[in-house]
Amino acid sequence: MAIGPAANRAPLPVTSPPTRGSKMAASAAMERLRYVLGLLLLLHSTDSFYVPGVAPINFHRNDPVEIKAVKLTSSRTQLPYEYYSLPFCQPSKITYKAENLGEVLRGDRIVNTPFQVSMNVEKKCEVLCNLPNKPVTLTVEQSKLIAERIREDYYVHLIADNLPVATRLEFYSNREEEEKKKEKDVQFEHGYRLGFMDGNKFYLHNHLSFILYYHREDVEESQEHTYRVVRFEVIPQSIKLEDLKADEKSMCTLPEATGSAPQEIDPTKENQLLFSYSVHWEESDIKWASRWDTYLTMSDVQIHWFSIINSVVVVFFLSGILSMIIIRTLRKDIANYNKEDDIEDTMEESGWKLVHGDVFRPPQYPMILSSLLGSGIQLFCMILIVIFVAMLGMLSPSSRGALMTTACFLFMFMGVFGGFFAGRLYRTLKGHRWKKGAFCTATLYPGVVFGICFVLNCFIWGKHSSGAVPFPTMVALLCMWFGISLPLVYLGYYFGFRKQPYDNPVRTNQIPRQIPEQRWYMNKFVGILMAGILPFGAMFIELFFIFSAIWENQFYYLFGFLFLVFIILVVSCSQISIVMVYFQLCAEDYRWWWRTFLVSGGSAFYVLIYAVFYFVNKLDIVEFIPSLLYFGYTALMVLSFWLLTGTIGFYAAYMFVRKIYAAVKID
């Protein structure tokens, strides 16, 4: 998933309306509005903002522009392969680029290629790696492999000056007939197709027409012009060996488009062909800082701004109604409970005050609960920082794998906060074995994630995919887990356990109160279904774009909107959790600790259902291992989302319960 500097087109100014009253209050409100608009304009200006250290490369005429290969990908198999897993032409010495953690986990294997491209130098047609009288001969095994990759709809990804190659797609939109003739819609596809099928025959794209766009930089008259690469397009073609006329100097002539036949790959026999390429340069007005904008509009799905704003408005509206109802009801309850004259009548009533002696009774398995909540705090801090930094444009698209690398390291370092909150809660719940609790916090959630990833990795290894995490990287991740995360969790847990426990406003009775029989709608599963709707409604549109980025190799750049959606998710989870715990206490059921954690994560259940819907309707996956990978990684996403939303809801409910019991007089 790549990130763009255009990450901030999304946020909309959310300001409170000007207060009635004096002119001073009105002018203060206007000042606030100006400030918010100014901040959003500043964020929007990151379209032309690049992080220090990601400097542009200036080329002079005839300077070499290196074309590198990244990987082969397919949304049908979800298994990336390195470029030279297929019998492409190879340079005399193959050199792999040193990669960061995120690139390795994504399956990128960046390697040099034999394409010779020079700045602003045209090439009509040149044969790669073999002389024209000695074409490349593919063995039966190689032909079978290429045919299989074409059937699986694989795309090839190349980069020039760290800019990914794109295929231009032109089509007519649903406009009026007159406008149709004038204008075509242009979209770009990430990478280029390895080949195509016609019936049961396979055809390989063996000729690549590179179109590179440059921006001429302004220099003084005496200096030589410098150029910067701002776009990298390719037109892949399939040309039969006999139709590609070439001379002894490896120069070739392309046939007329109408009279040429494509290069067929017969998987049952050896095939002979030539790999060739041409280079065309065009000047462009696009500046270097805006060169990623083309790629960020690659998806064929138009951004539904109205739908996203609509979901935001609906969620705020529902949240406002819920808050108003719960506050009015609570005020009435507290006023009734605090009346001195009719205490006896009040005690006979049913309600949340009756369980005051049991509401803070420690639940079963306090160590596991505090450990899961500690991991939830870790996830919350990590996601908040990553989205915020990405929204500011600090995770540049040219820094491949930066998002994943940042997320991994942040999760490790946030262990100190996770440990602190887990330790303090564990002490509040009358826990004593803090060392065991700290170990449980540091290993329970990460252990499940590592276990699932290791099993999936074994299947990917079996397919010889570049998506398999190499053994040294796996050892490095284990070292990070036990060398960074574990000690930091212990450190946070130690200080959290030593700190004063949370102050509960009422004492717990020695004998537990009997819980009356509950109505059907107080069932846990019904609660999960009810509580999950509102938070899921806030984010399901964003979920579509995230899934497209992960499973269909699209770019995701709407981090401004994602930050807004994340804030709304936090608000809606908190409010729905407070409403659910209030209903539960009114039904005289004081076992709210675990239930709140489970019910608040109810939106994760809807995410799982949406993932199944997306798999059936949007993806064309039929094989076992790709399906296993999809549902394995989806299970991890759902588990993480449940921990995140469950933790948000739990702490909101805990603060609410402490507040309401502190507000009533207990005899």
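What you see is a predicted model, and the numbers here were worked out from it, not measured in a lab. Note that the numbering runs from 1 along the sequence shown for the chain.
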Evaluate the side-chain proximity of [Y] to [X]: yes if any heavy-atom separation is below 4.5 Å, no if none is.
X      : Y      : result
Leu105 : Cys408 : yes
Leu425 : Tyr502 : yes
Leu86  : Leu194 : yes
Val416 : Val489 : no
Phe380 : Leu643 : no
Tyr155 : His190 : no
Leu72  : Ser85  : yes

Is any side-chain N of the basic residue among [X] and [Y] closer than 4.0 Å to the acidic one's carboxylate O?
X      : Y      : result
Arg149 : Glu152 : yes
Glu103 : Lys97  : yes
Asp108 : Lys71  : yes
Asp153 : Arg193 : yes

Check whether the side chains of Glu148 and Tyr154 place a donor and an acceptor atom closer than 3.5 Å, and report yes or no.
no

Check: Thr73/His157 side-chain N/O donor and acceptor closer than 3.5 Å
yes

CA sep, side-chain torsions, deciding dist, call: Tyr651, Ser577, side-chain hydrogen bond (donor to acceptor under 3.5 Å, both in side chains)
CA-CA 9 Å; Tyr651 276 100; Ser577 170; over 6 Å; no

Can you tell me how far the CZ atom of Phe360 sits from the CH2 atom of Trp592, to the nearest 0.5 Å?
6.5 Å

One should read off an interatomic distance between Leu564 CG and Glu542 CD, to the nearest 0.5 angstrom, of 9.0 Å

Using the ring of each side chain (for Trp, its six-membered ring), is [X] parallel, tilted or perpendicular to [Y], with breaks at 30° and 60°?
X      : Y      : result
Phe547 : Tyr630 : perpendicular
Phe650 : Trp593 : tilted
Tyr610 : Tyr614 : tilted

Using ring centroids (six-membered ring only for Trp), state whether Trp434 and Tyr426 fall under 6.0 Å.
no

Answer with yes or no after comparing the ring centroid distance for Phe641 and Tyr606 against a 6.0 Å cut-off, counting only values under it.
no

Strictly by side-chain hydrogen bond (donor to acceptor under 3.5 Å, both in side chains), give each pair with a member in residues 362-379 just once, sequence neighbours left out.
Ser371-Thr441

For Thr95 and Asn112, which heavy atoms make the closest approach, and how far apart are they?
N-OD1, 2.8 Å

Could Arg658 and Tyr654 be counted as a cation-pi pair, given that NZ or CZ must be under 6.0 Å from the ring centre and within 45° of the axis?
yes

Can the positive tip of Arg109 be found less than 6.0 Å from the middle of the six-membered ring of Tyr96, inside 45° of the ring normal?
no

